[in-house]
Colleague: 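Starting off with a structure, shown below.
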Amino acid sequence: MKLVSSLIGKLHNVRALNKMKPLIDAMDAGILGPEDLTEGRPHLVDNVDIKRYMSMVILALVPATLASILFYRWDAIRLIAISYIVGGTVEVIFAIIRKHDIHEGFLITGLIFPLVLPPSTPSWIVAVGVVFGTMFGKEMFGGTGRNIFNPALVGRLFITIAFPATMTTNWKMPFAAADAVTVATPLSAFKTEGITASFTDLLIGNTAGSMGETCRIVIILGGIFLILTKVSNWRVPVCYISTVFLFALIGNHFLPERIAPPVFQVFAGGLLFGAFFMATDPVTSPFTRTGKYIFGISCGILTVLIRSFSGYVEGVMFSIVIMNAFNPLIDQIVLMFKYRPAKA
Amino acid sequence: MTPEQKKFAKGYRFNNFEGQPEAKISQLDIPSKVTIPLKQGFGDEVAPIVEIGQTVEAGQIIGRDDESISSPVHSSINGEVVAIEKIDYLGEETTVITIESNGNDGLQTLPGASVNWQDMPADTIDELVYLSGAASSGTSGIPTTFNSASIMPNEVENVIVQGVASQIHNISLEVLLKGDILSHFTAGLKILKKLMPKARFHMALDESQNRTISKALQLMSPVKTINVFTVPRKYPLHRDEVLIPLLLGQKIPHGYLAANIGAIVLDIPAILAVYDAVTEGIPLIEKTIALCGPGFRENTHVKARIGTCLEDILKKRTKPGKDIRLVKNSCLTGNTLTDMSLPISRTFNSIIALTEGTEREFLSFVRPGVNKDSFSRVFLSSLFEGLSPRIKKGCDTNLHGEVRPCIACGFCEDVCPVNLIPHLLFHQVQNDVIDELLINYKIFDCIDCNLCTYVCTSKIPLAKYIKDGREKLADEGLTCPEPDFPLKGVKP
Ligand code: SF4
Ligand code: SF4
């Protein structure tokens, strides 16, 4: 500990590293612990901070990450490593240019992003996606806290649209050899052939899909963990998932060829991952309670609609991004009703 | 009859913090010198009615003003007046009288006091409550015909006795009401009932601590004269602005006191002061103070004469060689006590010694955090809290993190006792958008409880921004709309 602290102290004094100040500060604060004191009133404050808060998200993602490494070995490690290295560099560069502290958000974005990619995504596409997501999803709006869209989703959406061939056909089964033939995901299998995958296969992840999205059981556990720690709010995922279920239940009754059955809808594709880890991002979802319900329900409806009636197989990402765009408006309308002037 | 349980969804429960005062009390020696502020508790500053060089007795009135809304101030020792001067007393310019002791320990009591208070006419009670200084207690004072509160005794509709333990550290009610004192307390209530005959009496007791007390109270009052409520141990239920809406369903308009809607809130020491004054003629010259927090060698209570300087109270009681921050009454809203020559006044009920959090914690954000308090449940402490009350949560003044942009986690909204959205107000004030919208978002409802700042994940001093916002609004001439129902008494 002494050694580390004197080492960091020395780094502070190296003139050549002056430019890298945010990086050194981040190491200092992260490793040696917070240094500032309360100014008084309040004299004591809660122990939670952004680092802890975000560590909980990472912790909740650990099982899904381990599952993806187990299923896809080096591919998984490769994608995560590239995403972190590129994402971290971009964050540091922006911190230096904008002269602010390094914000911890990239640690989450950098992990979520590879987990929603197909395992065989080429490395350079990953890098492009990360850079695009950070720049246009976050920094363009002024950085953490001001962003309207979830940066990981923006990156993912960009590469889906820019490189459709790689991103929509390159699926592999878990444990498959490097040169194994590509297969269809359960959702596209339903769309093209009307087959629904078995519930257990979906639950344990024995299907093709994005790296971290397939092993649903650990995603559910991670999501519940986040809700229990109060890091994410139950309103969005609960509304989202139950809307998908209900809508599919009704839709499947009338249009069984187009709209897949409810249980399959809930467990297939990226719905659980999206609902628990992406739609819950507090910055990009409404902060009012009513707004959260509206957000969750709308995401649910959009997801089923896109899955059933559009050219795309999966609708989770699109619906979350679309609703992200509406979230300031939703909040404004809810506030307008809540704080309506007393006299009419 | 069981007390009615009141629930409160907002606010925050401070559980198991280290440094709670034990139910022990010791009497301090009479100090060799006291400094008596002429503004103590509710009311304006009074004018000195003694001169330098004059000999005064303990219990003698040394400052009084019957015109303004105020209560008399007494000497707390026998001796000689050596100075009358203006000093900065906890941020307010205050006149103080310094008295040097002559070693005598007698006490001048008020004439007319008697244990047979039942036979006493109401105006004698009125006068005794005023002359004893007890009338300066509470947030609105106790009304007497001598102008000690902003309303008159016959205008009081509700009296609320507040035995809420909502702070991080709370004075022990067991100490305040031990032995016979419980009967003094019930007698004190009946005396007040004589003073304010039209008022209904209510009592709010902390649900966990006071089961025995509330039971005793029920047994002792054969006629149903007081409604006993139990309230959760949640901050800031001790505040009138939160307690009165909860118990009575009435709101206190911004800028007014509870008294303006006909309610008087008194704590337990205030009731005891009334009893002492009316039955024994003892003026309010002593105060029981809880010594809380990890900076003390022993967390107990002391009974000290008003005007005793902090140094005399703290000497040999704080831990040596430690960096300590001393705070008056509340870790969330209390003043920092830096000048040890300053005296205690009637408004003290606890002194909290916090360890300055200068020690940095290696890799602090990945620690299990068994003794770290948090509104969120990101530390193991939230698992152990219910399991073992013996695990005490630490209190040091470290910020426990770096300031970051707001991530809209919503914790501040979850705790705000008056249902504001603190981060919404913060964003507007930060962007310098000072307009009617802030008033529409109810910025004037904020009661400066500082709880939003306490819970903020991003370590943003929200309450400070909100306070700034109100000041900036006032600068622009935008004020809170006046209430549209009639109010009592004088506007503060
Ligand atoms: S906004 Fe005001 S009343 Fe609400 S928690 Fe913050 S300080 Fe307290
Ligand atoms: S607690 Fe802090 S970070 Fe969370 S919403 Fe309120 S201001 Fe924002």
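Atoms considered below: every heavy atom in the structure, side chains included; atoms not considered: hydrogens, waters and symmetry mates.
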Colleague: Under a 3.5 Å threshold, yes or no: a donor from one side chain and an acceptor from the other, between Ser166(B) and His238(B)?
Modeller: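 Result is yes, a qualifying pair exists.
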Colleague: Check the side chains of Arg235(A) and Tyr293(A) for a donor-acceptor pair under 3.5 angstrom, ignoring hydrogens and angles.
Modeller: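 Yes, side-chain donor-acceptor contact under 3.5 Å.
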Colleague: For Arg289(A), is it the side chain, the backbone, both, or neither that has a heavy atom closer than 4.5 Å to a heavy atom of chain B?
Modeller: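 For Arg289(A), the side chain is the part near chain B, not the backbone.
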Colleague: Let me confirm one number: the CE-CG distance from Met56(A) to Leu226(A), rounded to the nearest 0.5 Å.
Modeller: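 One finds 9.0 Å between CE of Met56(A) and CG of Leu226(A).
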Colleague: In terms of heavy-atom proximity below 4.5 Å to chain A, should Asp448(B) be classed as side chain, backbone, both, or neither?
Modeller: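 Contact with chain A: none, neither part.
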Colleague: Side chains of Arg325(B) and Thr38(A): donor-acceptor distance under 3.5 Å anywhere?
Modeller: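 Their side chains do contain a donor-acceptor pair, which is all the 3.5 Å distance test asks for.
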Colleague: Please report the interatomic distance OG(Ser330(B)) to CD1(Ile168(B)), rounded to the nearest 0.5 Å.
Modeller: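 Those atoms lie 7.0 Å apart.
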Colleague: Between Glu91(A) (side chain only) and His103(A) (backbone N and O only), is there a donor and an acceptor less than 3.5 Å apart?
Modeller: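 Present.
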Colleague: Where does Ser55(A) contact chain B at under 4.5 Å (heavy atoms): side chain, backbone, both or neither?
Modeller: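 When you check distances to chain B, only side chain atoms of Ser55(A) fall under 4.5 Å.
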Colleague: As a quick check of understanding, evaluate ring pair (Phe, Tyr, Trp, His ring centres under 6.0 Å) for Tyr454(B) and Phe14(B), giving each step before the final call.
Modeller: CA-CA 11 Å; Tyr454(B) 181 90; Phe14(B) 291 114; 5.1 Å; yes
Colleague: Could you tell me which non-hydrogen atom of Ala29(A) sits nearest to which non-hydrogen atom of Glu402(B), and how far apart they are?
Modeller: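 Answer, listing the atom of Ala29(A) first, then Glu402(B): CB-OE2, 3.2 Å.
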Colleague: Does any backbone or side-chain atom of Asn419(B) lie under 4.5 Å from a heavy atom of chain A? Answer side chain, backbone, both or neither.
Modeller: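 It is the backbone, since no side chain atom gets that close.
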Colleague: If you count heavy-atom pairs within less than 4.5 Å of chain A, which of Asp396(B), Thr453(B), Val327(B) leads?
Modeller: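 If we count pairs closer than 4.5 Å to chain A, Val327(B) comes out on top.
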Colleague: Considering heavy atoms only, which positions within residues 372-380 of chain B lie below 4.5 Å of chain A?
Modeller: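 Only Lys372(B), Asp373(B), Ser374(B), Phe375(B), Ser376(B), Arg377(B), Val378(B), Phe379(B) of residues 372-380 of chain B have a heavy atom under 4.5 Å from chain A.
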Colleague: Compare every heavy atom of Ile320(A) with every heavy atom of Gly274(A), then report the nearest pair and how far apart it is.
Modeller: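 Result for this residue pair: O-CD1, 3.7 Å.
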Colleague: Tell me, for Val455(B) versus chain A, whether the close heavy atoms (under 4.5 Å) come from the side chain, the backbone, both or neither.
Modeller: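 For Val455(B), the contact with chain A is made by backbone and side chain together.
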Colleague: Heavy atom to heavy atom, less than 4.5 Å: which residues from residues 408-415 of chain B reach chain A?
Modeller: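 Within residues 408-415 of chain B, the residues under 4.5 Å from chain A are Ala408(B), Cys409(B), Phe411(B), Glu413(B), Asp414(B).
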Colleague: Count the heavy-atom pairs under 4.5 Å between each of Asp28(A), Asp331(A), Val231(A) and chain B, then report the option with the highest count.
Modeller: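 Heavy-atom pairs under 4.5 Å are most numerous for Asp28(A).
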Colleague: Does either side chain, that of His400(B) or that of Asp49(A), offer a donor lying less than 3.5 Å from an acceptor on the other one?
Modeller: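 No, no side-chain donor-acceptor pair sits under 3.5 Å.
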Colleague: Verify whether the ring centers belonging to Tyr235(B) and Tyr12(B) lie closer than 6.0 Å.
Modeller: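 Centroid separation for Tyr235(B) and Tyr12(B): 6.0 Å or greater.
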Colleague: So which part of His427(B) gets closer than 4.5 Å to some heavy atom of chain A, the side chain, the backbone, both or neither?
Modeller: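 No part of His427(B) comes within 4.5 Å of chain A.
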Colleague: What part of Leu363(B) gets closer than 4.5 Å to chain A, counting heavy atoms only: side chain, backbone, both or neither?
Modeller: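 Leu363(B) touches chain A through backbone and side-chain heavy atoms alike.
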Colleague: Tell me, for Ile58(A) versus chain B, whether the close heavy atoms (under 4.5 Å) come from the side chain, the backbone, both or neither.
Modeller: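 Neither; nothing under 4.5 Å.
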Colleague: What closest approach, in Å, do Thr397(B) and Gly357(B) show between heavy atoms, and which atom pair accounts for it?
Modeller: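 Taking every non-hydrogen atom into account, OG1-N, 2.9 Å.
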Colleague: Distance alone, cut at 3.5 Å: any donor-acceptor contact between the side chains of Asp281(A) and Thr284(A)?
Modeller: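 Yes, side-chain donor-acceptor contact under 3.5 Å.
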Colleague: How about Lys328(B) and Ser350(B): does a side-chain donor come under 3.5 Å of a side-chain acceptor?
Modeller: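 No, because no side-chain N or O of Lys328(B) sits under 3.5 Å from a partner of the opposite role on Ser350(B).
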Colleague: Non-hydrogen atoms of chain A under 4.5 Å away: do they reach the side chain of Cys395(B), the backbone, both or neither?
Modeller: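 Cys395(B) touches chain A through backbone and side-chain heavy atoms alike.
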Colleague: With a 4.5 angstrom heavy-atom cut-off, which part of Thr358(B) approaches chain A: side chain, backbone, both or neither?
Modeller: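 Both parts, backbone and side chain.
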Colleague: Among the options Asp101(A), Leu228(A), Val48(A), pick out the one with the most heavy-atom pairs lying under 4.5 Å from chain B.
Modeller: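 Maximum pair count with chain B is reached by Val48(A).
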Colleague: Under 4.5 Å from any heavy atom of chain A, what part of Leu424(B) do you find: side chain, backbone, both or neither?
Modeller: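 When you check distances to chain A, only side chain atoms of Leu424(B) fall under 4.5 Å.
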Colleague: Quick check: does any side chain N or O of Arg233(B) sit under 3.5 Å from a backbone N or O of Gln167(B), one acting as donor and the other as acceptor?
Modeller: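 Side chain of Arg233(B) to backbone of Gln167(B): no pair is present.
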Colleague: In terms of heavy-atom proximity below 4.5 Å to chain A, should Lys393(B) be classed as side chain, backbone, both, or neither?
Modeller: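 Interface part for Lys393(B): neither.
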Colleague: Phe276(A) and side-chain contact (heavy atoms from CB on, under 4.5 Å): which partner among Ile241(A), Leu221(A), Leu61(A), Val236(A)?
Modeller: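 Going through Ile241(A), Leu221(A), Leu61(A), Val236(A) one by one, the side-chain contact (heavy atoms from CB on, under 4.5 Å) with Phe276(A) is satisfied by Ile241(A) alone.
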Colleague: Minimum heavy-atom separation for Pro417(B) to Val242(B), with atom names?
Modeller: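 Shortest heavy-atom contact: CB-CG2, 4.1 Å.
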Colleague: Given heavy-atom pairs under 4.5 angstrom as the criterion, report whether the side chain, backbone, both or neither of Leu437(B) touches chain A.
Modeller: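 Contact with chain A is absent: no heavy atom of Leu437(B) under 4.5 Å.
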